[in-house]
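One structure is given below, encoded as structure tokens.
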2 protein chains.
Amino acid sequence: MKPINVFKALSNETRLNILEWLKEPEKHFPKQGAHLPKEVSYKGGVCVGDIQEKAKVSQSTVSSYLNLMQKAGLLESIRHGQWTYYRRNEEFIQQFAKYFKTEI
Amino acid sequence: MKPINVFKALSNETRLNILEWLKEPEKHFPKQGAHLPKEVSYKGGVCVGDIQEKAKVSQSTVSSYLNLMQKAGLLESIRHGQWTYYRRNEEFIQQFAKYFKTEI
DNA sequence: ATTATATATCTAGATTTCTCGATATGTCAA
DNA sequence: TTGACATATCGAGAAATCTAGATATATAAT
């Protein structure tokens, strides 16, 4: 775990928003693509296209943002057919919160 | 409180080190300048020159780093004569840790 | 007043990050 | 296999950050 990379990942308004949106996907991504039944989809995360639409940045930008956040540890992804679903890595995030409280 | 600015302040190895050193100033700045009696000095923080020496960056760099961290809320400073002493703003840092745990 | 010391501010080149459009890859449907 | 769609990767210009040296400002000592 490299704290610097986590802080860098969080040093951007759009990425910070994405992380917060993914706390409540049902709330922030109501018209989820019909690719999967809601339960499955939410459990597995939100697909790139839906995140892009809400974030209002280009497809390539959102893709690299998500990749960067995943490398930092904040997100994890699952591929389902042609879609990639991203969701929060809650375990890592809580672990990092603890690190912050005790080490920073 | 602007979280982005806090994350940006923490997105640098040197600044992160400084924040950690200031958790235990006696440990990391043993040969404190003789400007003030130890108790006073530690309570008030560590002077810029001592931090610079340990961080091994230029005087202007460390000065702007400290200023940036202060603006973000992480540090506070007190001037004593020709010296400026920087110390952690523990209240802010704890508050931010709580924000991280609940909002991020 | 002058000099010395500590810190802050200014300026600028090097590096990194941001962000896009273009293109490549992977998957599904016909 | 071909075409359509979702996502990933590439390449590049714009913007921000990094960091140093030079200079300015503030305080202290003589």
Side-chain angles (χ1 to χ4, degrees), chain A residues 2 4-19 22 29 31-36 40-41 44-72 74-87, chain B residues 2 4-19 22 29 31-36 40-41 44-72 74-87:
Chain A
K2 288 190 173 181
I4 288 272
N5 291 335
V6 179
F7 291 129
K8 283 185 180 176
L10 297 171
S11 293
N12 175 285
E13 202 80 57
T14 301
R15 290 193 297 262
L16 208 46
N17 285 337
I18 290 172
L19 197 61
L22 290 178
F29 303 94
K31 60 173 184 113
Q32 270 268 331
H35 342 114
L36 290 174
V40 179
S41 152
V46 179
C47 75
V48 179
D50 288 352
I51 298 173
Q52 184 206 342
E53 188 178 345
K54 187 160 177 71
K56 293 189 173 63
V57 292
S58 76
Q59 189 272 322
S60 61
T61 295
V62 84
S63 177
S64 63
Y65 278 5
L66 293 168
N67 182 255
L68 183 151
M69 292 168 84
Q70 179 172 27
K71 276 184 182 157
L74 295 164
L75 300 183
E76 51 196 8
S77 68
I78 301 171
R79 197 166 235 268
H80 263 280
Q82 53 192 326
W83 290 275
T84 305
Y85 294 86
Y86 281 89
R87 66 180 175 199
Chain B
K2 288 192 173 180
I4 288 274
N5 290 335
V6 179
F7 290 129
K8 284 185 180 177
L10 297 171
S11 294
N12 175 284
E13 202 78 56
T14 302
R15 289 193 298 261
L16 208 45
N17 284 337
I18 291 172
L19 197 60
L22 291 178
F29 303 94
K31 59 169 185 115
Q32 270 269 330
H35 341 114
L36 289 175
V40 179
S41 151
V46 179
C47 75
V48 178
D50 288 351
I51 298 173
Q52 184 207 344
E53 187 177 346
K54 187 159 178 72
K56 292 188 174 62
V57 291
S58 74
Q59 189 272 323
S60 62
T61 295
V62 84
S63 178
S64 62
Y65 278 6
L66 294 169
N67 181 254
L68 183 151
M69 293 169 83
Q70 179 171 27
K71 276 183 183 158
L74 295 164
L75 300 183
E76 52 195 7
S77 68
I78 302 171
R79 197 165 236 269
H80 261 283
Q82 52 192 326
W83 292 275
T84 306
Y85 294 85
Y86 282 89
R87 66 180 175 199

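Proteins come first, then strands; the chains are lettered A, B, ... in the order of their sequence lines, and each starts at number 1. Computed from a predicted structure; not experimentally measured.
Ranking D:dT9, C:dT17, D:dC18 by closeness to the A:K8 side chain, first place goes to C:dT17. Taking only side-chain atoms of B:W83, from C-beta outward, the nucleotide of C:dA6, D:dA20, D:dT9 with the closest atom is C:dA6.
In this structure, A:V62 and A:Q82 both approach DNA chain C, and ranking their closest nucleotides by distance from the 5' end singles out A:V62. Closest-nucleotide positions on DNA chain C for A:G81 and A:R15 were compared, and the one nearer the 5' end corresponds to A:R15.
Atom C1' of nucleotide C:dT9 and atom NZ of B:K71 are separated by 11 Å, given to the nearest angstrom. Rounded to a whole Å, the CD1 atom of B:I51 is 17 Å from the C1' atom of D:dT19. If you take CD1 of A:I18 and C1' of C:dC18, they are 14 Å apart, rounded to a whole angstrom. The distance between atom CD of A:E13 and atom P of C:dT19, rounded to the nearest whole Å, is 11 Å. When the C1' atom of D:dA8 is taken as reference, atom OH of A:Y85 falls 17 Å away, rounded to whole Å. Straight-line distance from the CZ atom of B:F7 to the C1' atom of D:dA16: 19 Å, rounded to whole Å. Distance CD1 (A:I78) to P (C:dG26): 20 Å, rounded to an integer number of Å. Between B:L10 atom CG and D:dT17 atom P there is a gap of 14 Å when expressed in whole angstrom units.
B:N12 has a side-chain polar atom (N or O) that falls below the 4.0 Å cut-off from OP1 or OP2 of D:dT19. Side-chain nitrogen and oxygen atoms of B:Y86 include at least one within less than 4.0 Å of the OP1 or OP2 phosphate oxygen of C:dA8. Contact between the side-chain N/O atoms of A:S63 and the OP1/OP2 oxygens of D:dA8 is found at a separation under 4.0 Å. The shortest distance between the side-chain N/O atoms of A:T84 and the OP1/OP2 oxygens of D:dT7 is not below 4.0 Å.
Counting all heavy atoms, side chain and backbone alike, A:K8 lies closest to B:S11 at N-OG, 3.4 Å. Across all non-hydrogen atoms, the minimal contact from A:Y86 to A:I51 is CB-CD1, 4.4 Å. A:A55 approaches A:T14 most closely through the heavy-atom pair CB-CG2, 4.0 Å.
A:L66 CG to A:L74 CG: the interatomic distance, rounded to the nearest 0.5 Å, is 11.0 Å. For the atom pair CD1 of A:I78 and OH of A:Y85, the computed distance is 10.0 Å after rounding to the nearest 0.5 Å.
Under the rule for a salt bridge (charged side-chain N to carboxylate O under 4.0 Å, His left out), A:E13 has no partner lying at least two apart in sequence or in another chain.
Contacts between residues 53-60 of chain A and DNA chain C, counted as heavy-atom distances below 4.0 Å, involve A:V57, A:S58, A:S60.
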* Does the side-chain contact (heavy atoms from CB on, under 4.5 Å) test come out yes or no for A:R87 and A:L75, once each step is laid out? -> CA-CA 6 Å; A:R87 66 180 175 199; A:L75 300 183; over 6 Å; no
